[in-house]
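Single-structure report; data block below.
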Amino acid sequence: MTTQSSTEYEKYYVPEKSKLAVCATIGLILSTFGAASVMNDMTFGDGATTGSWGIFWFGLFFFSATLFGWFRMAIKENLAGLNSAQLKKSYVLGMFWFIFSEVMFFLAFFGALFYVRTLVGPWLAGEGEGGRMNHLLWEGFEYQWPMPLTPQEAVGGVANQPIANMGTFQSYEKSMAFSEAAAWYLWLPLWNTIVLLSSSFTVHIAHMGLLDGNKRKFNIWLGVTVALGMLFVALQALEYYEAYAHFGLTLNSGIYGSTFFMLTGFHGFHVIMGMTMLLIQWLRSVRGGHFTADDHFGFEASSWYWHFVDVVWVFLFLFIYIL
């Protein structure tokens, strides 16, 4: 039986001590706290006094600047030949776990949507074991999805509810407009689905071009992918404007408005993240001449992430707009 000596292992580059991880954590905490404060102010207070927007933007900028410096350093190390095959495998595992954490993130929101639609909604209408006390709160409320009326509105407002709360909700007219919007807003998401699925195809073509050593093909199709990502964001912004301005579908539109904007909003944010990642890879290729058929993990990781946001959108389109 032979044993492998320590000299047979390849050298593993270990970067110098750095504060970048701590700085990234601080930026992430500040941006998350700021975002939570913004949502809290939308319900209970005035953002001018809490400075929630300032905290959010500062934290986001600090986090983004830290990542920019961190990734820039990692790119320089790779170009200098410091990244061994073993280290590159650790990059792959790191990206795998990052995407897995994002899967669980969206799974939590999809779980909330399932819980509301399948369990809570029918309970509020008096169905099942959970609806036995319905007559004490909202007698006569009939559940349907999307809900054009909240249970309070169905019984004539807070004054007619035996046990009232202090929540705010839409007027009856806005609720009916929101119900009519359900038939309208399917078109923009349909176009967005076509755009995003097309971008997944174009980024694959770019990858094939890179593997074949055709940098021109890679640059062209990666640029097309970035443009399609920008088009998706623009169409979603138009959808949000129409929903808010003309159909009364807002974050205050009951549980449907909350789940709708949380799911589509966070997905839109992830699309912007993925689009930015791909844009950086495109700039690296066009201006810096980076990437070869054998060494292109930066692009490959970004393309994995892009395919991930495409898959999430397919489920969003199915469960938010269709079913």
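Residue numbers count from 1 along this sequence. If you're wondering where the values come from, they're calculated on a predicted model, not measured in any experiment.
- Annotation: side-chain hydrogen bond (donor to acceptor under 3.5 Å, both in side chains) contacts of Q236 (sequence neighbours excluded): none.
- Between V314 and L197, some side-chain heavy-atom pair lies under the 4.5 Å cut-off.
- Put simply, the side chain of V271 does not reach to within 4.5 Å of the side chain of W313, judged on heavy atoms.
- A distance of 11.0 Å separates CZ in F308 from CZ in F100, rounded to the nearest 0.5 Å.
- Within the structure, side-chain hydrogen bond (donor to acceptor under 3.5 Å, both in side chains) contacts touching residues 22-35 (residues at least two apart or in different chains) do not occur.
- The number of heavy-atom neighbours closer than 6.0 Å to CZ of F105, taken from other residues, nucleotides and ligands shown, is above 12.
- Judged as a ring-ring contact (aromatic ring centres under 6.0 Å, His included), and not counting sequence neighbours, F68 has no contacts.
- L113 has its side chain within reach of I320: a pair of non-hydrogen atoms, C-beta onward, lies under 4.5 Å apart.
- By the 6.0 Å contact criterion, OH on Y244 is enclosed, its count of non-hydrogen atoms from other residues, nucleotides or ligands being greater than 12.
- The main-chain N or O of H290 is found under 3.5 Å from a side-chain atom of K215 such that the two form a donor-acceptor pair.
- Test F261, F232, F109, F110 against H267 for ring-ring contact (aromatic ring centres under 6.0 Å, His included) and you get one pass: F232.
- Two rings, from Y305 and F98, have their centers less than 6.0 Å apart.
- The minimum heavy-atom distance linking Y240 with G265 is given by the pair OH-N, 2.9 Å.
- Taking CG of N192 as the start and CG of L235 as the end, the distance is 4.5 Å to the nearest 0.5 Å.
- Within the structure, side-chain hydrogen bond (donor to acceptor under 3.5 Å, both in side chains) pairs that include any residue of residues 201-211 comprise T202-T225, H207-H296 (at least two apart or interchain).
- Counting only distance, with no hydrogens or angles, the side chain of W306 and the backbone of M275 share no donor-acceptor pair below 3.5 Å.
- Taking the side chain to side chain contact (heavy atoms under 4.5 Å, CB included) definition, one finds that T292 meets it with D294, D295, sequence neighbours left out.
- The CE atom of M273 sits 11.5 Å away from the CZ atom of F266 when rounded to the nearest 0.5 Å.
- Between I272 and V233, the shortest heavy-atom distance links the atoms CG1-CG2, 3.8 Å.
- Note: T259 OG1 to R117 CZ = 9.0 Å, rounded to the nearest 0.5 Å.
- R287 meets the side chain to side chain contact (heavy atoms under 4.5 Å, CB included) test with L283; sequence neighbours excluded.
- No side-chain heavy atom of F62 sits less than 4.5 Å from a side-chain heavy atom of L30.
- Contact check for F299 versus V203: side-chain heavy atoms found under the 4.5 Å cut-off.
- Here CG of L93 is found 15.0 Å from NZ of K88. Values are rounded to the nearest 0.5 Å.
- A heavy-atom distance below 4.5 Å is found between the side chains of Q281 and F291.
- Residues Y321 and F260 have side chains in contact (heavy-atom distance under 4.5 Å, counting atoms from C-beta outward).
- When all heavy atoms of V116 and P122 are compared, the closest pair comes out as O-CD, 4.3 Å.
- N40 places no side-chain N or O within 3.5 Å of a backbone atom of A36 that could act as its donor or acceptor partner.
- Nearest heavy atom pair, residue L228 against residue S198, reads CD1-C, 4.0 Å.
- Considering only heavy atoms from C-beta on, E300 stays 4.5 Å or farther from L210 through its side chain.
- Taking CD1 from I280 and OG from S285, the interatomic distance works out to 14.0 Å, rounded to the nearest 0.5 Å.
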Problem - side-chain contact (heavy atoms from CB on, under 4.5 Å) assessment of E102 paired with V312 - result: CA-CA 10 Å; E102 295 281 51; V312 171; over 6 Å; no

